[in-house]
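I have placed the structure first, in the form of structure tokens, so that the comments after it can refer back to it.
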Amino acid sequence: MKLNSLWMLLLASTLLFSCKDENKDTSAEEAVVESEFNYNVEEFADIKILRYQIPGWEDLTLKEQKLVYYLVQAGLAGRDIMWDQNYRHNLAIRGALENIYQNYEGDKNSEDWKNFEIYLKRVWFSNGIHHHYSNAKLKPEFSKEYFETLLSETGTELSGEAFEVIFNDKDAKKVNLDESLGLLEGSAINFYGEDVTAAEAAAFYKTKTSPDPLKPLSFGLNSKLVKENGKLVEKVWKSGGMYGAAIDEIIKWLEKAETVTENEQQGKALGLLIEYYKTGDLKTWDDYNVAWVEATEGNIDYINSFIEVYNDPLGYRGSYENIVQIKDFEMSEKMSVLEDNVQWFEDNAPLMEEHKKDSVVGVTYKTVIVAGEAGDASPSTPIGVNLPNSNWIRQAHGSKSVSLGNIIEAYDNAGSSGVLEEFAHDEEEIKLEKEYGKEGDKLHTALHEVVGHASGKINPGVGETKETLKSYASTMEEGRADLVGLYYLMDPKIQELGLTDDWKKTGMAAYDGYIRNGLMTQLRRLELGDNVEESHMRNRQWVSAWVFEIGTEEGVIKKVSRDGKTYYDIKNYDRLRELFGELLKETQRIKSEGDYDAAQNLVENYGVKVDQAIHKEVLERNAQFKSPPYSGFVNPELVPEMDDQGEIISINIEHPKDFATQMLQYTNRFNFLLIEEPAMSNN
């Protein structure tokens, strides 16, 4: 499970954004020292593109650098899988857009062309034609007639539904969580055949049984469910199966990585991952995850395969993802106290005793340096990840939690926008955020991932949350992990462990930011009239709205109107912590007992609907800030130097000049999923 960058950015009231110098040439800045490193690449629409560094690269051995390089290449080899998973026409549309971009020789100063470029960059950023966060279909600011002219003048073909869908209302949402519209019927995600209903899919998987009921397999994780001759069948993502051409390339690079692993356990895990890609066998997937979570030695680690299920409205299918990591020794050592004390947190959590784990095993936490990302992790990246997602593996073998240190560092150095000053209630709140906000962010990330996702247990006989809580499973789990972090951020224990020099102020800053974000500032990302759809946004709203409502009579949080503007002022931080604990207890009960009705009531009553007056006000107040609300990254480029025998003798780091250059390079090098349309001619 991943902690999205939205939490980090909006908890800090988006202090991390600034306008870039649009006239600055960054092409010659690859070799500058760290203090002069240019993190900002470019801005367009609601997006800001950043760079990140790989500190300590030169300290790795050549063997370690090779391992990183091979793992990065393996991740990029599967890039197009994510595009096709997101929508069935994405690859065809991308091919047409890129061919136009590279071959059009007409007027490139016109508004229409500039709007075309922006649309293409938005599609690149979202890995498809639906917004990476809101899931709404991107709307081009150029006409169908202009697009037809571009197609004609560049000899590019795009016809039928793939052409029409750019401009019509069909497939308006990538992921729809409104059951009244049909979870599958209302979703454009390419995980199911267009004629498969949610009821049919649920019935199909209800018949599936695991060889060992105590070790349930992740049915549906690596396949597309379709109808053939009226019968439901799975098209498995594996070598020789669906996405086979790309998966064979992934395997090729993983096999190279296997030759330079750091230790036997790391090699065992990689071997099982290769076997899984070759066979598609879900038992092998579990064996791999057990081996991977137990491979804790070494400097290099990775996340690779079909993992997070947020994009499946039914919660079965995993989006393709890759993150390659180098251990940050100094920060990992500092935060290792969380690993050592995870049982204390479990024992002292405000949960029902029957929902606590007697023994929290195998939890590891590392701050890592990202060396490359692909699929669901790129260009928009998480800042923290906790895996594996299987509850039985986590309980029996443990989990790995990582904080992406250099990604957070890049956000921290990208600038400030003034949003904090606009939405914070008073100077004291602003001062607290500036002094303790970053520390609170990092601690919440750590507590969310290490303690939150590792905590609690499901009652015997209760199914996996995708079966019991269904479309609410993801937002309930993320809210539960958030609540664990929030509860312990105001505990003296974190100061006793040396994680802060003032637990009270760190907790207060974090509470201010969470409530400010959950009730107001995250609404900047929605269009007026929209409901909250994304799982992380939902959980922040239902957590914040619930504690606000329950604490109203006691005056725990005051809603303040001043000069026509709304603010939320926390009056009793200690009582707010108790409310977070009460909600955590109930959230864990819902998960442990599989109480679908309670999950539905909590999310629908507190997490979905938006106060339209507040939303309108937020958008009006935010209009003064021109910095985009979303950020993502180009990856550093690992460039191998070869000897006469074709052996790698060194690997250098270069930084891409701009977003388009990297996207086109990726298409040129990693376009392994052949498509019939568009048929393109290079004029």
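- Checking Asn459 against Glu354 by side-chain atom types alone, no donor-acceptor pair falls below 3.5 Å.
- For Tyr87, the ring-ring contact (aromatic ring centres under 6.0 Å, His included) test picks out His89, His130, with sequence neighbours left out.
- The closest side-chain heavy-atom distance from Phe167 to Phe147 is below 4.5 Å.
- Residues Asp248 and Ser239 bring a donor and an acceptor atom of their side chains to less than 3.5 Å of each other.
- Contact check on Glu249 versus Lys252 returns a salt bridge, with a Lys/Arg side-chain nitrogen under 4.0 Å from an Asp/Glu carboxylate oxygen.
- With contacts defined as side-chain heavy-atom distances shorter than 4.5 Å, the pair His131/Lys173 does not qualify.
- Counting heavy atoms from C-beta on, the side chains of Ile250 and Tyr320 come closer than 4.5 Å.
- Side-chain polar atoms of Tyr192 and Glu200 form no donor-acceptor pair below 3.5 angstrom.
- In terms of heavy atoms, Ile458 sits closest to Ser592 at CG2-O, 3.7 Å.
- Looking at Asn304 and Leu71, their side chains never come closer than 4.5 Å, going by heavy atoms from C-beta outward.
- The side-chain heavy atoms of Pro313 and Ser471, taken from C-beta on, include no pair separated by under 4.5 Å.
- When every heavy atom of Ser305 is checked against every heavy atom of Tyr276, the shortest pair comes out as OG-CE2, 3.4 Å.
- Residues Leu387 and Glu308 are in side-chain contact: their nearest non-hydrogen atoms beyond the backbone lie under 4.5 Å apart.
- Under the 4.5 Å side-chain criterion, counting only non-hydrogen atoms from C-beta, Leu97 is in contact with Tyr119.
- The side-chain tip of Arg525 points at the ring of Tyr133 from less than 6.0 angstrom away and within 45° of straight on.
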Exercise. Checking salt bridge (Lys or Arg N to Asp or Glu O under 4.0 Å) for the pair Lys224/Glu234: CA distance, chi angles, key distance, verdict?
Worked result: CA-CA 5 Å; Lys224 179 177 180 179; Glu234 290 180 312; over 6 Å; no
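- Around atom NZ of Lys268, no more than 12 heavy atoms belonging to other residues, nucleotides or ligands sit under 6.0 Å away.
- Atom NZ of Lys357 is surrounded by more than 12 heavy atoms from other residues, nucleotides or ligands within 6.0 Å.
- Within 6.0 Å of NZ in Lys283 there are 12 or fewer heavy atoms belonging to other residues, nucleotides or ligands.
- Checked against the 6.0 Å centroid criterion, the rings of Tyr472 and Tyr596 qualify as a close aromatic pair.
- Arg88 has a carboxylate O that lies under 4.0 Å from a charged side-chain N of Glu161, or vice versa, which qualifies the two as a salt bridge.
- Between the side chains of Ser455 and Arg480, at least one donor N or O sits under 3.5 Å from an acceptor N or O.
- A donor-acceptor contact closer than 3.5 angstrom links the side chains of Glu373 and Thr381.
- In the model, Asp482 has a side-chain atom that pairs as donor or acceptor with a side-chain atom of Tyr514 under 3.5 Å.
- When all heavy atoms of Ser544 and Gly518 are compared, the closest pair comes out as OG-CA, 3.5 Å.
- Salt-bridge annotation for Arg589 and Glu586: present, with a side-chain N of the basic residue lying under 4.0 Å from a carboxylate O of the acidic one.
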Exercise. Could you go step by step and tell me if Lys144 and Glu164 meet the salt bridge (Lys or Arg N to Asp or Glu O under 4.0 Å) rule?
Worked result: CA-CA 9 Å; Lys144 181 189 292 188; Glu164 295 294 340; 3.0 Å; yes
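- The existence of a salt bridge linking Asp80 and Arg94 is confirmed by a sub-4.0 Å separation between a basic side-chain nitrogen and an acidic carboxylate oxygen.
- A salt bridge links Asp301 with Lys400: at least one charged nitrogen is closer than 4.0 Å to a carboxylate oxygen.
- In this structure, the side chains of Pro211 and Leu217 come closer than 4.5 Å at one or more pairs of heavy atoms.
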For this session: Starting from the C-alpha separation in whole Å, work towards a yes-or-no answer on salt bridge (Lys or Arg N to Asp or Glu O under 4.0 Å) for Glu255 and Lys278.
Result: CA-CA 12 Å; Glu255 288 177 338; Lys278 288 180 176 179; 3.3 Å; yes
